[in-house]
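Working notes, beginning with the structure itself.
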Amino acid sequence: MSSNNVPMKKIDQSTWEIPVSFKKGMRVPARLIVTPALKKGIEGGVIDQITNVATLPGIQKYAIALPDAHRGYGFPIGGVAAMDMEEGVISPGGVGFDINCGVRMLTTTLEERDVRPKIKELVEKLFQRVPAGVGVKLSHDNFLASISRSVFDAVLENGAQWCLENGYARDEDVRRIESQGKMLRADSSKVSDKAKSRGLRQLGTLGSGNHYLEIQVIKPGDIFDSEMGAKFGLTGPYQVTAMIHCGSRGMGHQVASDYLRTCLTAMRKYNLPIIDQELASVPITSREGEDYFAAMSCASNMAFANRQIITHNVRKVFSEVFHKDEEELGLNLIYDVAHNIAKIEEHNVDGQKKKLMVHRKGATRGFPPHHPEIPEEYKELGQPIILGGSMETSSYLLTGTQKAMEVSFGSTAHGAGRTMSRSRAKKQIRGDFLQRKMREKGIYVKGASMPGLAEEAGFAYKDIDEVVNALKISGIGHPIVRVTPLGNVKG
DNA sequence: ATGTTC
């Protein structure tokens, strides 16, 4: 199916709606939030998937595809679905395999002229200190490689707060992580031994695919709201920033695999129709639903801790390379967002406040100013939203809006979104050629694998500026700054 | 995304 011949009603200049009459079983309409240019690029698979999502029990208002949407496992990546807590279902496919994949952004006191001459040394040292690549584990000489299973259970239940108690975080870091880096319903007894075994030696590792650690610069003209930017510690053009993008590694992947199977079996018991096996889901209030949420929360906490430990090591490497104290270099956390997660939140539905299970898959929470879940220092600003772009283009910091609360359950895009499969990208460019081309352009990239690098070429992604344009037009994100890569450690 | 086909 192509998206061209799908009946869509234009709701406003950036919103199109597919009615419930489109597919048997749809309980709510599906909505696309896109610009005309992005709408043309939406794959038919996204339409199939988002209208499948609209059939799930308990879904509220509409199933949403964001401007970076592309085909995923069951649900599209760049999708939001909010379910009623009593009548609704929870779906592992609505979270994704990489549970709590997310991104965080740090400011520095350095400028481009300080970093350019040392970018090679910096990237090479970061590559040594932050293990990257498929299946990568910590080496045995790393203290964290030797933690016991019971300590790991504490990490799973306490997330980034474990990091704070154990010397891997500054006080303010934890405040500036979604959910303070700790999902409260995490219960490590709901995580299989196999999942724990896979995660035990992966705390502080980057992983592979589109995961990266990037050193960036603000180019002149790329600060869109300097007053708000200043409050996030953005001082002006040429300032250097850093981003860390990764998730819960093999541990989250195993939790997702375990519970997809559990849910599929349980669906027969609960007499739930199976429209697509990849959409396996169970009642939120069922034992299986509660267990999945508890295990997903553990994987989320592992990912928060993972990004925190990487941050700790990034600060150390910067200090060594620039021969300055960490504090002098700033390296302050702006914020850490989760973009593959399900959360219990309160939203307005038909004028009533309701608790919902909000699935965000390849979607970022973006709460407005004064929302109770925003750190005190950002109350007037709204929640920071971080959009990681491709390694060849740029990334963005935005803030959450009241409009997003009204139209997308306080959600917005998560990045550029792929336009082509990994295999297709690999056929079009070689990793070594891309690496050389990028270094000539002034982006010092170092990847764990050359084919892996080729899969992440800029042309394999949508135009992030256009994605941000869609967020601006629809009002579900307020742009603060664009950052351009200087160096990148690629998983 | 992922010990990339348990």
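Chain naming here is simple, since letters A, B, ... match the order of the sequence lines and numbering starts at 1 in each.
A:Gly247 comes within contact range of no nucleotide atom at all, as no heavy-atom separation falls under 4.0 Å. Looking at heavy-atom distances under 4.0 Å, A:Gly96 makes no contact with the nucleic acid at all. No engagement by A:Glu455 is indicated, since no non-hydrogen atom pair under 4.0 Å with the nucleic acid exists. At a threshold of 4.0 angstrom between heavy atoms, the contacts of A:Lys361 with the nucleic acid are absent.
For the atom pair NZ of A:Lys343 and CD of A:Glu178, the computed distance is 3.5 Å after rounding to the nearest 0.5 Å. How far OG1 of A:Thr484 is from CD1 of A:Ile443: 8.0 Å, rounded to the nearest 0.5 Å. To the nearest 0.5 angstrom, A:Phe232 atom CZ is 13.0 Å from A:Asn332 atom CG.
A straight line from CG of A:Asn340 to P of B:dT2 spans 11 Å, rounded to a whole angstrom. Atom CD of A:Gln254 is separated from atom C1' of B:dT2 by 10 Å (rounded to the nearest Å). Look at NE2 on A:His253: it is 12 Å from C1' on B:dC6, rounded to the nearest Å. The interatomic distance linking A:Asp98 (CG) with B:dT2 (C1') rounds to 8 Å, in whole Å. Summarising the geometry, the separation between CZ on A:Phe97 and C1' on B:dT5 is reported as 13 Å, rounded to the nearest angstrom. In this structure, A:Ile77 places its CD1 atom 13 Å from P of B:dT2, rounding to the nearest Å. The OH atom of A:Tyr73 sits 17 Å away from the P atom of B:dT2 (whole-angstrom rounding). The distance from atom CG of A:Asn306 to atom C1' of B:dT2 is 14 Å, rounded to the nearest whole Å.
Within residues 133-147 of chain A, the residues that have a heavy atom under 4.0 Å from DNA chain B are, in order of number, A:Val134, A:Gly135.
Between the side chains of A:Asp258 and A:Ser192, a donor-acceptor pair is found at a separation under 3.5 Å.
Taking the centre of each ring, A:His339 and A:His245 come in below the 6.0 Å mark.
Close to B:dT4, at under 4.0 Å from its OP1 or OP2, lies no side-chain N or O of A:Arg422. Under 4.0 angstrom from either OP1 or OP2 of B:dT2 there lies no side-chain N or O belonging to A:Ser257.
Shown here are the salt bridge (charged side-chain N to carboxylate O under 4.0 Å, His left out) partners of A:Lys462, two or more places apart in sequence or in another chain: there are none.
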Show every donor-acceptor pair shorter than 3.5 Å between a side-chain atom in residues 298-308 of chain A and any protein atom, with sequence neighbours excluded, or say none if there are none.
unit_1: A:Ser300; atom_1: OG; unit_2: A:Met296; atom_2: O; d: 2.8
unit_1: A:Asn301; atom_1: OD1; unit_2: A:Met183; atom_2: N; d: 2.7
unit_1: A:Asn301; atom_1: ND2; unit_2: A:Leu156; atom_2: O; d: 2.9
unit_1: A:Asn301; atom_1: ND2; unit_2: A:Met183; atom_2: O; d: 3.3
unit_1: A:Asn301; atom_1: ND2; unit_2: A:Ser297; atom_2: O; d: 3.4
unit_1: A:Asn306; atom_1: OD1; unit_2: A:Gly204; atom_2: N; d: 2.5
unit_1: A:Asn306; atom_1: OD1; unit_2: A:Thr205; atom_2: N; d: 3.0
unit_1: A:Asn306; atom_1: ND2; unit_2: A:Thr205; atom_2: O; d: 3.0
unit_1: A:Asn306; atom_1: ND2; unit_2: A:Gly247; atom_2: O; d: 3.0
unit_1: A:Arg307; atom_1: NE; unit_2: A:Asp336; atom_2: OD1; d: 3.2
unit_1: A:Arg307; atom_1: NE; unit_2: A:Asp336; atom_2: OD2; d: 3.0
unit_1: A:Arg307; atom_1: NH1; unit_2: A:Asn100; atom_2: O; d: 2.8
unit_1: A:Arg307; atom_1: NH1; unit_2: A:Cys246; atom_2: O; d: 2.8
unit_1: A:Arg307; atom_1: NH2; unit_2: A:Asn100; atom_2: OD1; d: 2.9
unit_1: A:Arg307; atom_1: NH2; unit_2: A:Asp336; atom_2: OD1; d: 3.0
unit_1: A:Gln308; atom_1: OE1; unit_2: A:Arg104; atom_2: NH1; d: 3.0
unit_1: A:Gln308; atom_1: OE1; unit_2: A:Arg104; atom_2: NH2; d: 3.1
unit_1: A:Gln308; atom_1: NE2; unit_2: A:Tyr168; atom_2: O; d: 3.0
unit_1: A:Gln308; atom_1: NE2; unit_2: A:Asp173; atom_2: OD2; d: 3.0

